[in-house]
Novice: 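This is the structure, below, for whatever I ask next.
These figures come from a predicted structure and were not determined experimentally.
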Amino acid sequence: MREKKQEEAENREPVTECEPECPCHEAEQPQDAGETEPAPEDELAKWRELAMRTAAEYDNYRKRCVKDREDFAKYANRSLLEELLPVIDNFEMGMQMAEKEQGSMIYIGMKMVQKQLADFLDAQGVEAIPAEPGQMFDHNIHEAIMSEPSDQPEGTVLRILRRGYNLRGRLLRPVNVVTAATAEQPAEDAPQA
């Protein structure tokens with residue numbers, strides 16, 4: 001066994017000192033004056049600020065998610081209500097025709113259905129936009145289908161063609177209106193060329 005250890009010791013390369021730039025001597029080398037480690041208090045303040053900023057960003061994200069979820073629930077049935085509005089328009093035209101015979105059972109039954117529809121729309125947050133002839137055109141709630149020459153000021157609503165509705169404060173469907181346009185001058189009053 002001794003011979004084997006002695007043989008291994010002879011076969012080993014001689015150990016030489018490594019260069020001073022070698023990584024094993026880094027701990028022994030003095031650090032440059034410009035490369036000082038930050039103070040532990042500065043490091044702690046930096047990480048504390050980062051943690052506070054991250055917590056604030058997370059809180060804002062959480063609030064935004066809650067608001068998005070509430071908005072989605074609030075307006076989820078929007079497309080269904082938009083498809084229901086033409087049916088309500090047709091029902092109201094039928095009611096106008098049925099009003100001629102208010103004593104008939106058909107009119108009484110339609111009046112009950114109209115009340116149920118109104119209650120349903122109220123429960124869903126749908127409200128009719130108040131509009132009447134004579135008011136000025138408002139592009140936020142009106143949609144001008146056509147304009148006619150009139151003695152009224154330009155932009156005055158002349159007729160309501162279709163009712164408009166809001167859904168919880170947002171426009172669901174604009175009011176379709178006919179607006180007044182400036183009256184054209186007769187040909188005899190036009191200047192001659």
Side-chain angles (χ1 to χ4, degrees), residues 42-150 152-182:
D42 294 341
E43 191 74 18
L44 178 65
K46 179 180 100 174
W47 286 107
R48 183 174 289 145
E49 181 183 341
L50 180 64
M52 289 173 55
R53 192 174 303 141
T54 303
E57 287 175 3
Y58 175 73
D59 191 44
N60 290 339
Y61 171 75
R62 186 184 54 78
K63 287 176 184 176
R64 192 171 47 249
C65 285
V66 167
K67 184 183 179 307
D68 289 348
R69 202 174 312 123
E70 287 172 356
D71 283 350
F72 177 76
K74 211 180 213 186
Y75 301 106
N77 58 356
R78 180 184 179 101
S79 62
L80 171 70
L81 293 169
E82 285 174 341
E83 290 182 34
L84 181 63
L85 292 179
V87 175
I88 293 171
D89 293 338
N90 291 335
F91 185 81
E92 287 178 353
M93 284 192 295
M95 281 296 294
Q96 289 173 353
M97 299 312 258
E99 281 179 350
K100 294 176 183 171
E101 296 181 34
Q102 292 187 6
S104 74
M105 294 305 287
I106 292 175
Y107 177 76
I108 294 170
M110 287 181 73
K111 197 74 174 159
M112 292 159 117
V113 173
Q114 186 180 35
K115 169 102 173 75
Q116 285 181 319
L117 278 172
D119 291 345
F120 171 75
L121 291 177
D122 284 343
Q124 298 303 312
V126 177
E127 55 189 25
I129 297 173
E132 53 189 54
Q135 70 182 145
M136 289 305 290
F137 178 82
D138 181 359
H139 69 278
N140 293 316
I141 58 172
H142 296 133
E143 181 178 23
I145 301 301
M146 58 190 284
S147 60
E148 294 177 352
S150 172
Q152 297 284 328
E154 187 174 359
T156 303
V157 174
L158 297 177
R159 287 191 313 276
I160 309 295
L161 299 178
R162 185 178 75 175
R163 291 174 60 177
Y165 294 91
N166 282 328
L167 173 62
R168 292 178 172 47
R170 287 190 186 172
L171 185 65
L172 183 62
R173 182 177 80 180
V175 182
N176 288 356
V177 297
V178 176
T179 59
T182 55

Novice: If only atom types and distance count, is the side chain of R173 paired as donor or acceptor with the main-chain N or O of R162 below 3.5 Å?
Specialist: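 The answer is no, because no donor-acceptor pair under 3.5 Å joins these two groups.
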Novice: Taking distance alone, no hydrogens or angles, what donor-acceptor pairs closer than 3.5 Å link side-chain atoms of residues 94-105 to residues at least two apart or in another chain?
Specialist:
{"from": "S104", "atom 1": "OG", "to": "E101", "atom 2": "O", "distance (Å)": "3.0"}
{"from": "S104", "atom 1": "OG", "to": "Y107", "atom 2": "N", "distance (Å)": "3.3"}

Novice: Run the side-chain contact (heavy atoms from CB on, under 4.5 Å) check on M136 and V157 step by step: do they pass?
Specialist: CA-CA 6 Å; M136 289 305 290; V157 174; over 6 Å; no
Novice: For the residue pair R78 and L172, establish whether any side-chain heavy-atom pair is separated by less than 4.5 Å.
Specialist: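 Yes; the side chains approach each other to less than 4.5 Å.
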Novice: E143 and V177: side-chain contact (heavy atoms from CB on, under 4.5 Å), yes or no, with the steps?
Specialist: CA-CA 6 Å; E143 181 178 23; V177 297; over 6 Å; no
Novice: Does a salt bridge link R53 with E49, judged by any charged N lying under 4.0 Å from a carboxylate O?
Specialist: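 Salt bridge present between R53 and E49.
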Novice: Is D59 paired with K63 through a side-chain N to carboxylate O contact shorter than 4.0 Å?
Specialist: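 The answer is yes: the pair qualifies as a salt bridge.
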Novice: Has the side chain of N166 got a donor or acceptor atom that lies under 3.5 Å from a matching backbone atom of R168?
Specialist: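 The answer is no, because no donor-acceptor pair under 3.5 Å joins these two groups.
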Novice: With a 4.5 Å heavy-atom cut-off, do Y75 and L167 have their side chains touching?
Specialist: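 Touching, per the 4.5 Å side-chain cut-off.
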Novice: Is the shortest side-chain heavy-atom distance between R170 and D71 below 4.5 Å?
Specialist: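 R170 reaches D71 side chain to side chain.
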Novice: Is P133 close to I160 at the side-chain level, that is, under 4.5 Å between some pair of heavy atoms?
Specialist: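 Answer yes - side chains close enough.
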Novice: Which pairs would a plain distance check flag for residues 112-132, meaning a side-chain donor or acceptor within less than 3.5 Å of a matching protein atom at least two apart in sequence or in another chain?
Specialist:
{"from": "K115", "atom 1": "NZ", "to": "D119", "atom 2": "OD1", "distance (Å)": "3.2"}
{"from": "K115", "atom 1": "NZ", "to": "D119", "atom 2": "OD2", "distance (Å)": "3.1"}
{"from": "Q124", "atom 1": "OE1", "to": "N77", "atom 2": "ND2", "distance (Å)": "2.5"}

Novice: Between K67 and E70, does the salt bridge (charged side-chain N to carboxylate O under 4.0 Å, His left out) criterion hold? Intermediate values first, please.
Specialist: CA-CA 5 Å; K67 184 183 179 307; E70 287 172 356; over 6 Å; no
Novice: Tell me if a side-chain donor or acceptor on T54 pairs with a main-chain N or O of L50 at a distance below 3.5 Å.
Specialist: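 Checking the backbone N and O of L50 against the side chain of T54, a donor-acceptor pair under 3.5 Å is found.
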